[in-house]
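Here the structure is a predicted model, which is why all the values come from computation and not from measurement.
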Amino acid sequence: MRIARFSIDGNVAFGVVEGDASTEGGPVLDIIKGHPFAEFERSGQKIPLSKVRLLPPVLPNKVVGIGRNYAEHAGELGNEVPDAPVVFFKPSTTVIGPGDPIAYPSFSGEVHHEAELAVVIGRMCREVPRERVKDVILGYTCANDVTARDIQRSEHQWGRAKGFDSSCPLGPWVETELDPGDLGIMCTVNGEQRQLGSTSAMVRSIEDLIVHITEAMTLLPGDVVLTGTPAGVGPLNVGDEVAVTIEGIGTLTNKVIKRG
């Protein structure tokens, strides 16, 4: 099931996406009663997807990122695979949706794309045992962990480098019925392929990551865990259009603009 968050005529709602581009009339949204973090009903009120503005599929309290979870990506930046997952945070103000602009930060001259599978948490959880991890996951979406690489190097911590406004595009929706173990991940910039990998190359599985994170902190419904990026990260410039495509989910597209 694909669950999207959208706005129409100034109203914000969640809906189940039905159909695809091959469907006569195109995909539609069946508006749901309530929200997807509890049992819900479809209203039967359907709106063409083309008539709405897709928003970030969730508004997380926090985005928990994992660094260096693909060996080839760690290597391309001259890093070793760490003994334990590298955990960092992106504030809620980093989150934007499909089609929203990535504002190039004025304090950086080297901004990179990082295509990632994002895990959306479905219920409050802490100290989750490995066998219960699937129970706390609502689903999965595409993410772009946009990073000011020069700032990451010079400041030796990742707060500003990964936490600037608009540096966490998410979308286009949450896919709830998906096996994340072997999904293709691709990033293109202006139509040119930059990254191509698979979630099967993760150093640590999603189960490992959720167990590790929740040993330390409570995750809330709508929180997002970024699972790392494959090799091939590279620069973004003002005017570029960057797209993250994940098998079984869809494509998240954003354009880079000059920060005003």
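Distance check: I151 CD1 to H156 NE2 gives 11.0 Å after rounding to the nearest 0.5 Å. To the nearest 0.5 Å, atoms CD (E192) and CG (D240) are separated by 10.0 Å. Remark: S198 OG to L183 CG distance equals 7.0 Å, nearest 0.5 Å. A distance of 8.5 Å separates CG in L178 from OG1 in T199, rounded to the nearest 0.5 Å. Separating the CZ atom in R2 from the CG atom in L49 is a distance of 8.5 Å, to the nearest 0.5 Å. In this structure, CZ in R5 is found 4.5 Å from CG in L55, a value given to the nearest 0.5 Å.
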Q. Could you walk me through whether V12 and F6 pass the side chain to side chain contact (heavy atoms under 4.5 Å, CB included) check?
A. CA-CA 6 Å; V12 176; F6 65 94; over 6 Å; no
Q.
Before you tell me yes or no, could you show the steps for L29 and V16 under side chain to side chain contact (heavy atoms under 4.5 Å, CB included), namely the whole-Å CA-CA distance, both residues' side-chain angles and the distance that decides it to 0.1 Å?
A. CA-CA 5 Å; L29 284 162; V16 175; over 6 Å; no
Q. Would N237 and V256 satisfy side chain to side chain contact (heavy atoms under 4.5 Å, CB included), going step by step from the backbone distance to the final call?
A. CA-CA 7 Å; N237 297 297; V256 183; over 6 Å; no
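Residue pairs meeting the side-chain hydrogen bond (donor to acceptor under 3.5 Å, both in side chains) criterion with at least one member in residues 247-260, sequence neighbours excluded: T245-T251. Applying the side-chain hydrogen bond (donor to acceptor under 3.5 Å, both in side chains) rule to pairs touching residues 104-113 yields S108-D150, E110-H112, E110-R153, H112-R149, H113-R194, H113-Q195, sequence neighbours excluded. Within the structure, ring-ring contact (aromatic ring centres under 6.0 Å, His included) contacts touching residues 158-210 (residues at least two apart or in different chains) are F88-W158. Screening residues 213-228 for side-chain hydrogen bond (donor to acceptor under 3.5 Å, both in side chains), with sequence neighbours left out, gives K62-D223. Applying the salt bridge (charged side-chain N to carboxylate O under 4.0 Å, His left out) test to every pair with at least one member in residues 160-175, sequence neighbours left out, gives these pairs: E114-K162, D145-K162, E155-R160. The ring-ring contact (aromatic ring centres under 6.0 Å, His included) contacts involving residues 38-80 comprise nothing, where partners must be two or more places apart or lie in separate chains.
Every residue was checked against the salt bridge (Lys or Arg N to Asp or Glu O under 4.0 Å) condition with K134, not counting sequence neighbours, and none meets it.
Hydrophobic clustering (side-chain heavy atoms under 4.5 Å, transitive across Ile, Leu, Val, Met, Phe, Trp, Tyr) keeps L209 apart from V86. Hydrophobic clustering (ILVMFWY, side-chain heavy atoms < 4.5 Å, transitive): V233 and I66 are in distinct clusters. Linking Ile, Leu, Val, Met, Phe, Trp and Tyr whenever their side-chain heavy atoms come within less than 4.5 Å leaves I257 and V189 in two separate clusters. I185 and L236 fall into different hydrophobic clusters, where Ile, Leu, Val, Met, Phe, Trp and Tyr residues are linked whenever their side-chain heavy atoms come under 4.5 Å apart, directly or through other members. Hydrophobic clustering keeps V28 apart from L54 (ILVMFWY residues linked when any side-chain heavy atoms are closer than 4.5 Å, directly or through intermediates).
In this structure, V203 shares a hydrophobic cluster with V81, the cluster being traced through Ile, Leu, Val, Met, Phe, Trp and Tyr side chains under 4.5 angstrom apart. Members clustered with M186: L196, by chain and number, using a 4.5 Å side-chain heavy-atom cutoff among hydrophobic residues. Connectivity analysis of hydrophobic side chains (ILVMFWY, heavy atoms under 4.5 Å, direct or indirect) links L170 to F37, V58, V63, V95, V120, L138, V174, V224, L226. M124 belongs to a hydrophobic cluster with L220, counting contacts under 4.5 Å between side-chain heavy atoms of Ile, Leu, Val, Met, Phe, Trp and Tyr, direct or through other members.
Between the side chain of S92 and the backbone N or O of N61, no donor-acceptor pair lies under 3.5 Å. The main-chain N or O of G159 is found under 3.5 Å from a side-chain atom of Q157 such that the two form a donor-acceptor pair.
Contact check on R53 versus D100 returns a salt bridge, with a Lys/Arg side-chain nitrogen under 4.0 Å from an Asp/Glu carboxylate oxygen.
The heavy-atom pair separating A115 from N144 by the smallest distance is N-OD1, 4.3 Å. Across every non-hydrogen atom of S166 and A103, the tightest pair is OG-N, 2.8 Å. The two residues G171 and P98 have their closest heavy-atom pair at CA-CD, 4.4 Å. The shortest heavy-atom contact between G97 and P56 is N-CG, 3.4 Å. In terms of heavy-atom proximity, L252 sits nearest to P169 at CD2-O, 3.4 Å. The minimum heavy-atom distance between G19 and P27, with the atom names listed, is O-CB, 3.7 Å.
Proximity of I246 to E116: side-chain heavy atoms (C-beta onward) are nowhere separated by under 4.5 Å. The closest side-chain heavy-atom distance from V17 to I3 is not below 4.5 Å. When side chains are defined from C-beta on, S43 counts as touching D30, because their heavy atoms get closer than 4.5 Å. By the 4.5 Å heavy-atom criterion applied to side chains, I102 and V242 are counted as neighbours. Between N11 and S7, the closest side-chain pair of non-hydrogen atoms is not below 4.5 Å. For the pair I206/L117, a side-chain contact is recorded, criterion being any heavy-atom separation below 4.5 Å from C-beta on. Side chains of I31 and I47 form a contact here, defined as non-hydrogen atoms less than 4.5 Å apart. Here the side chains of V64 and L219 are in contact, with some heavy-atom distance below 4.5 Å.
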Side chains of residues 126-133: which donor-acceptor partners sit under 3.5 Å, not counting sequence neighbours?
residue	atom	partner	partner atom	Å
R130	NH1	D208	OD1	2.3
R132	NE	D135	OD2	2.6

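Environment of CD in E76: crowded, with over 12 heavy atoms of neighbouring residues, nucleotides or ligands closer than 6.0 Å.
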